[in-house]
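Contents: one structure, followed by commentary.
In this text the structure is predicted, and so the values were computed from the model without any measurement. In what follows, chains carry the letters A, B, and so on, assigned in the order in which the sequence lines appear, proteins first and then strands, with residues in each chain numbered from 1.
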There are 4 protein chains.
Amino acid sequence: MLNRVVLVGRLTRDPELRYTPNGVAVANFTLAVNRTFTNQQGERDADFINCVVWQKIAENVANYLKKGSLAGVDGRIQTRSYDNNEGRKVFVTEVVAESVQFLETRRSEGGQAPADSFANESQPIDISDDDLPF
Amino acid sequence: MLNRVVLVGRLTRDPELRYTPNGVAVANFTLAVNRTFTNQQGERDADFINCVVWQKIAENVANYLKKGSLAGVDGRIQTRSYDNNEGRKVFVTEVVAESVQFLETRRSEGGQAPADSFANESQPIDISDDDLPF
Amino acid sequence: MLNRVVLVGRLTRDPELRYTPNGVAVANFTLAVNRTFTNQQGERDADFINCVVWQKIAENVANYLKKGSLAGVDGRIQTRSYDNNEGRKVFVTEVVAESVQFLETRRSEGGQAPADSFANESQPIDISDDDLPF
Amino acid sequence: MLNRVVLVGRLTRDPELRYTPNGVAVANFTLAVNRTFTNQQGERDADFINCVVWQKIAENVANYLKKGSLAGVDGRIQTRSYDNNEGRKVFVTEVVAESVQFLETRRSEGGQAPADSFANESQPIDISDDDLPF
DNA sequence: TTTT
DNA sequence: TTTT
């Protein structure tokens, strides 16, 4: 059945990279996707969408993206549940990214940026992977 | 920023139609979207995705869809939080449907279906609405 | 870069299945996707979108879909050009389907449909393939 | 019926802005969307996708985007035909953009860019419009 | 809390 | 007719 999601937004924090007991890389990050409309208070709201990536893309995401990076995600919605430490079932809805596009280069913190280096002249980097472990 | 979701799945229960204090119709339903792959136990899993619709579409959804109906949804992911009755913050991720396509006619329960009536010859019905209240 | 298309529509004719010189299956079909709005004459228009599928999905499409079938397509837009028989360059924009969902069972022509067989009780069939030859 | 397209790519030329006899703005542009895979010659191919936008977005596109700009498009596929000057029917497949996201600031040609202005710190601009004339 |  |  059809289940397709496409997002462009900014990472709210650095991605978290972990490894499963079998050594498979998994990264989690949250995308802040600004809404085009404003709320009753006239503010521009955002949706904060949790994303997961596996394997090689997970490692690429951890290497190339950080808090504030602009990224595009093509994936699907996944739901799952787990029991929290109070023994209560928690339901999770998140996006499994099948490909991630790095839409800009961030200046490194405290780094000395050469006068002629402009992010808008950098190539967006595509990181995709087809043999996911699920 | 880009935030787009397209789903095709079956309703897990009848849609719930309510009205805001200002009289705006809202309907909630959950789509079961079967995955194409199978899990470790060889079972075919599904994602259970909560959807919200507003206004005229909400009423159409309540009228035309029921538990088990096959439906297509075009919308976006929305996140929000609220405090539950224990004073704890609960985070919700759901799909705001901007248009819903009713993909089949369900036989009415206990009804007598005429020998020549086939769901596959019915026209899918599109219900969309552009002036959402947000 | 992001390139994602999702369609639900009906085949305008039976799919055409061919094989490349290397024996790779390719199928072509056109989806009529009705618009939700009506034109100035008050008619409901449709878009006629050419689709290509490769390999196993191509054969599944040829086996399961026919003129009039309702199908969902998840894929991407592809552009290419070729020289026609008058030596003129022709530009083609089409959708490469990465997965196709068969959304209903068509009654076989002249077949005897049992009184209790309803398309709406059939399972949508997903046909997808990840190792495309391009 | 469902018809949804999401693209991220670069403009191959400056957008062309025109007005209908009734004064409605229309802009045309082509997005080069690089493929993630390479062709047999090891080159990285691209798809060149023609896009149309109407009304206010058309004017925004003409103002903010130019050849080489990185842009995101959310829209749908449209097909139409017209008779060319040889009296031959030409079929067109293009994307009608319902919203366009300007994903970077281009340095103005010959302009003097201040040492601390980085495109990656600029806000992507969303231009969308809901009351299209069709 | 889940559909066919 | 093609962008970085």
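Nucleotide E:dT3 holds its C1' atom 14 Å from the NZ atom of B:Lys66, rounded to whole Å. Whole-Å rounding puts the D:Glu94 CD to F:dT1 C1' distance at 16 Å. A straight line from CZ of D:Arg35 to P of F:dT3 spans 15 Å, rounded to a whole angstrom. In this structure, CG of C:Asn3 is placed 18 Å from P of F:dT3, rounded to the nearest angstrom. Taking atom CG on D:Leu70 and atom P on F:dT2, their separation rounds to 20 Å, with Å as the unit. Counting to the nearest Å, the P atom of F:dT3 and the CG atom of D:Asp45 are 13 Å from each other. Atom CD in B:Glu104 sits roughly 11 Å away from atom C1' in E:dT3 (whole-Å rounding). Whole-Å rounding puts the B:Leu7 CG to E:dT4 P distance at 18 Å.
Each of F:dT1, F:dT2, E:dT3 was ranked by its minimum atom distance to the side chain of B:Thr12; first place goes to E:dT3. Of all nucleotides listed (F:dT3, E:dT3, F:dT2), E:dT3 comes nearest to the side chain of B:Lys67. Comparing F:dT1, F:dT2, F:dT4 by their nearest atom to the side chain of D:Arg10 picks out F:dT4. Nearest to the side-chain atoms of D:Thr30 among the listed nucleotides E:dT2, E:dT3, F:dT2 stands F:dT2. Residue B:Asn34 has its side chain nearest to E:dT4 when only F:dT3, E:dT4, F:dT2 are considered.
Residues that satisfy the side chain to side chain contact (heavy atoms under 4.5 Å, CB included) test with B:Asn84, not counting sequence neighbours, are B:Tyr82, B:Glu86, B:Arg88, B:Val90. Considering only residues two or more places apart in sequence or on other chains, C:Arg80 meets the salt bridge (Lys or Arg N to Asp or Glu O under 4.0 Å) condition with C:Glu94. For C:Thr79, the side chain to side chain contact (heavy atoms under 4.5 Å, CB included) partners two or more places apart in sequence, or in a different chain, are C:Thr93, D:Asp47, D:Phe48, D:Ile49. Residues that satisfy the side chain to side chain contact (heavy atoms under 4.5 Å, CB included) test with B:Asn28, not counting sequence neighbours, are B:Arg13, B:Arg18, B:Val52. Under the rule for a side chain to side chain contact (heavy atoms under 4.5 Å, CB included), the partners of D:Ala25 that lie at least two apart in sequence or sit in another chain are D:Leu17, D:Tyr19, D:Ala58, D:Glu59.
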Might you work through the side chain to side chain contact (heavy atoms under 4.5 Å, CB included) test for C:Leu103 and B:Val8, ending with a clear yes or no? CA-CA 9 Å; C:Leu103 286 168; B:Val8 172; 3.9 Å; yes
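Nearest approach of C:Gly72 to A:Leu2, heavy atoms of both residues: CA-CD1, 4.2 Å.
A heavy-atom distance below 4.0 Å to DNA chain F is reached by these residues of residues 46-53 of chain D, ordered by number: D:Ala46, D:Phe48.
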